**Q** 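Just passing along the structure, written as structure tokens.
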Amino acid sequence: MTAKGNGRQPKYQRIAEALKAAIKAGEYGPGDRLPGENDLMATYQVARMTARQALGVLQNEGVAEARKGAGVFVRDFQPLRRRGIQRLAREQWGEGRSIWAADSGDREVVVDQITVTEAPAPAPIAGVLGIEPGERVCLRSRRFVLEGKPVLLAASFLPAGLVAGSAIIQEDTGPGGIYARLAELGHAPVHFREEIRCRMPSSDEASGLNLSMGTPVIVIVRTAFADGGRPVEVNEMILDSAAYVLEYDVEA
């Protein structure tokens, strides 16, 4: 394993590139332990901080993960392929299936944290829902975990008056989830809009997703519209960027 590359690159970047090349070549497979700081210091004649930075690059890019007291290992988690169009089709939730089934296939996604409360609508959410700031909304907050790894934090906001007395205010909304229940209330979503951006996480988001320092998140804000263009839900989702591939398959 040699550290090749642009001589103007910092040493830690060249070492990181060499490690990634070794992983790509199969020298280190999923779950294998990578050379530690002492090994890299000896191999490349660099300071400990340089070796640490090189391993940090791989962790920040989602290539490797640190295990406390054991070292840094090639990540063996296979990213979820989020099929942005297929997952929202009515034939998915309308037939009682979770929209997650379009992403995870045979891999089980678990909601390990959920709270359902009624709260004042934040001004940005109220603006999208077409209600007054501070008007009551049903707030559903969830954390989704795949194979023991937190991958997504989600917060859904729905007008409280619209969903009062329905299963939407319960932790378990039943087959098909929120959208199937909205359909039963006469407010079936007929159109969705998603806005996507990337940023660094807040401390709470990094903690909730168990993110390594420097790992960005993907923020997806989805609005569901019923007939007549009425917005009935805003869902703010925070995704571990290393845990997802976003796929949009659109017919020309």
Side-chain angles (χ1 to χ4, degrees), residues 1-84 86-87 100-110 112 143-152 196 198-201 205-218 220 238-249:
M1 182 171 59
T2 59
K4 297 179 181 179
N6 188 330
R8 291 177 293 180
Q9 275 188 317
K11 287 182 180 178
Y12 76 89
Q13 287 281 10
R14 297 203 298 272
I15 296 170
E17 291 300 324
L19 289 169
K20 287 189 285 185
I23 293 170
K24 188 174 182 179
E27 294 179 34
Y28 302 102
D32 285 351
R33 185 181 184 278
L34 292 170
E37 292 176 9
N38 291 337
D39 299 320
L40 295 177
M41 290 165 62
T43 300
Y44 296 106
Q45 297 297 297
V46 295
R48 182 173 300 278
M49 182 56 69
T50 301
R52 186 171 299 167
Q53 287 177 306
L55 292 170
V57 169
L58 271 65
Q59 293 174 65
N60 292 341
E61 293 182 1
V63 175
E65 60 185 357
R67 299 177 189 170
K68 190 172 182 179
V72 177
F73 295 77
V74 179
R75 196 170 187 179
D76 58 5
F77 179 86
Q78 294 301 311
L80 277 169
R81 185 168 292 274
R82 185 182 188 275
R83 295 175 169 86
Q86 294 93 324
R87 71 198 308 272
W100 278 90
D103 302 338
S104 56
D106 295 333
R107 304 164 75 189
E108 184 180 7
V109 176
V110 176
D112 78 331
R143 184 173 81 160
F144 295 82
V145 176
L146 177 66
E147 297 166 3
K149 174 175 175 46
V151 294
L152 179 144
I196 302 172
C198 293
R199 60 168 171 78
M200 299 308 296
E205 291 164 351
S207 175
L209 291 171
N210 294 345
L211 299 179
S212 301
M213 185 178 297
T215 302
V217 292
I218 301 170
I220 301 178
I238 311 297
L239 290 66
D240 173 358
S241 61
Y244 278 89
V245 174
L246 304 186
E247 176 184 302
Y248 293 88
D249 187 5

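Just so you know, these numbers come straight off a predicted model, no measurement behind them.
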**Q** Quick one: pull up CG in L19 and OH in Y28 and give me the separation to the nearest 0.5 Å.
**A**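 Nearest 0.5 Å value for the CG-OH distance: 6.5 Å.
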**Q** What's the separation between atom CD in Q13 and atom OG1 in T50, rounded to the nearest 0.5 Å?
**A**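 The CD atom of Q13 sits 11.5 Å away from the OG1 atom of T50.
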**Q** Can a salt bridge be assigned to the pair K20 and E17 using a cut-off of 4.0 Å between side-chain N and carboxylate O?
**A**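 Yes, charged N to carboxylate O under 4.0 Å.
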**Q** Do the non-hydrogen side-chain atoms of E205 and R199 ever get within less than 4.5 Å of each other?
**A**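 Yes, side chains in contact.
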**Q** Check V245 against P79 and note the closest heavy-atom contact, atom names and distance.
**A**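 Heavy atoms only, the tightest pair is CG2-CB, 4.2 Å.
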**Q** Looking only at non-hydrogen atoms, find the nearest pair between L40 and P35 and report the distance.
**A**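 In terms of heavy atoms, the two residues are closest at CD2-CB, 3.9 Å.
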**Q** Please name the pair of heavy atoms, one in P150 and one in R143, separated by the smallest distance, quoted to 0.1 Å.
**A**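 Nearest heavy atoms, P150 then R143: CG-NH1, 3.6 Å.
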**Q** Please determine whether side chain to side chain contact (heavy atoms under 4.5 Å, CB included) holds for the pair I23 and E27, giving the CA-CA distance in whole Å, both sets of side-chain angles, and the decisive distance to 0.1 Å.
**A** CA-CA 6 Å; I23 293 170; E27 294 179 34; over 6 Å; no
**Q** Supply the atom-to-atom distance I238 CD1 to I220 CD1, rounded to the nearest 0.5 angstrom.
**A**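 Answer for the CD1-CD1 pair, I238 versus I220, is 9.5 Å.
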**Q** Rounded to the nearest 0.5 Å, how far apart are CZ of F144 and CG of L239?
**A**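 One finds 10.0 Å between CZ of F144 and CG of L239.
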**Q** So, do T215 and P201 sit near enough that their side-chain heavy atoms are less than 4.5 Å apart?
**A**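 The answer is no, as the side chains (C-beta and beyond) never meet within the 4.5 Å cut-off.
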**Q** Where the side chain of N60 meets the backbone of V57, is there a donor-acceptor pair that is under 3.5 Å apart?
**A**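 No; zero donor-acceptor contacts below 3.5 Å.
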**Q** Check the pair V145 / V109 against side chain to side chain contact (heavy atoms under 4.5 Å, CB included), numbers first and verdict last.
**A** CA-CA 6 Å; V145 176; V109 176; over 6 Å; no
**Q** At their closest point, which heavy atom of A70 faces which heavy atom of R33, and how far apart are they?
**A**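 Smallest interatomic distance, heavy atoms only, reads O-NE, 3.1 Å.
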**Q** Rounded to the nearest 0.5 Å, how far does CZ of R52 lie from CD1 of I15?
**A**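 Result: 13.5 Å between the selected atoms.
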**Q** Any ion pair linking R75 and D240 (charged N to carboxylate O, less than 4.0 Å)?
**A**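 Looking at D240 and R75, the cut-off is met.
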**Q** Establish, yes or no, whether the cationic atom of R67 lies under 6.0 Å from the six-membered ring centre of F73 and within 45° of the ring axis.
**A**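 The answer is yes; both the distance and angle limits are met.
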**Q** Decide yes or no on side chain to side chain contact (heavy atoms under 4.5 Å, CB included) for Q86 and D249, but give the supporting numbers first.
**A** CA-CA 8 Å; Q86 294 93 324; D249 187 5; 3.7 Å; yes
**Q** In Å and rounded to the nearest 0.5 Å, what is the CG to CD distance from L146 to E108?
**A**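 Going from CG on L146 over to CD on E108, the span is 9.0 Å.
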**Q** Could you tell me whether the side chain of N38 reaches within less than 4.5 Å of the side chain of R48, counting heavy atoms only?
**A**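 When only atoms from C-beta onward are counted, N38 and R48 do touch, with a gap below 4.5 Å.
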**Q** Using a strict cut-off of less than 4.0 Å between a Lys/Arg side-chain nitrogen and an Asp/Glu carboxylate oxygen, indicate whether E247 and R87 qualify as a salt bridge.
**A**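 R87 and E247: not salt-bridged.
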**Q** Is there side-chain contact between L246 and I218, with heavy atoms separated by less than 4.5 Å?
**A**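 L246 reaches I218 side chain to side chain.
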**Q** Does the side chain of E65 reach to within under 4.5 Å of the side chain of V72, using non-hydrogen atoms?
**A**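 Of all side-chain heavy-atom pairs linking V72 with E65, none is under 4.5 Å.
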**Q** Hey, are the side chains of Y12 and V46 touching, using non-hydrogen atoms and a 4.5 Å cut-off?
**A**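 Not in contact.
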**Q** Under the 3.5 angstrom rule, does the side chain of R14 hit a backbone N or O of R8 as a donor-acceptor pair?
**A**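 Here the side-chain-to-backbone pair does not exist.
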**Q** Give the intermediate values and the outcome of side chain to side chain contact (heavy atoms under 4.5 Å, CB included) for residues I196 and Y248.
**A** CA-CA 12 Å; I196 302 172; Y248 293 88; 3.0 Å; yes
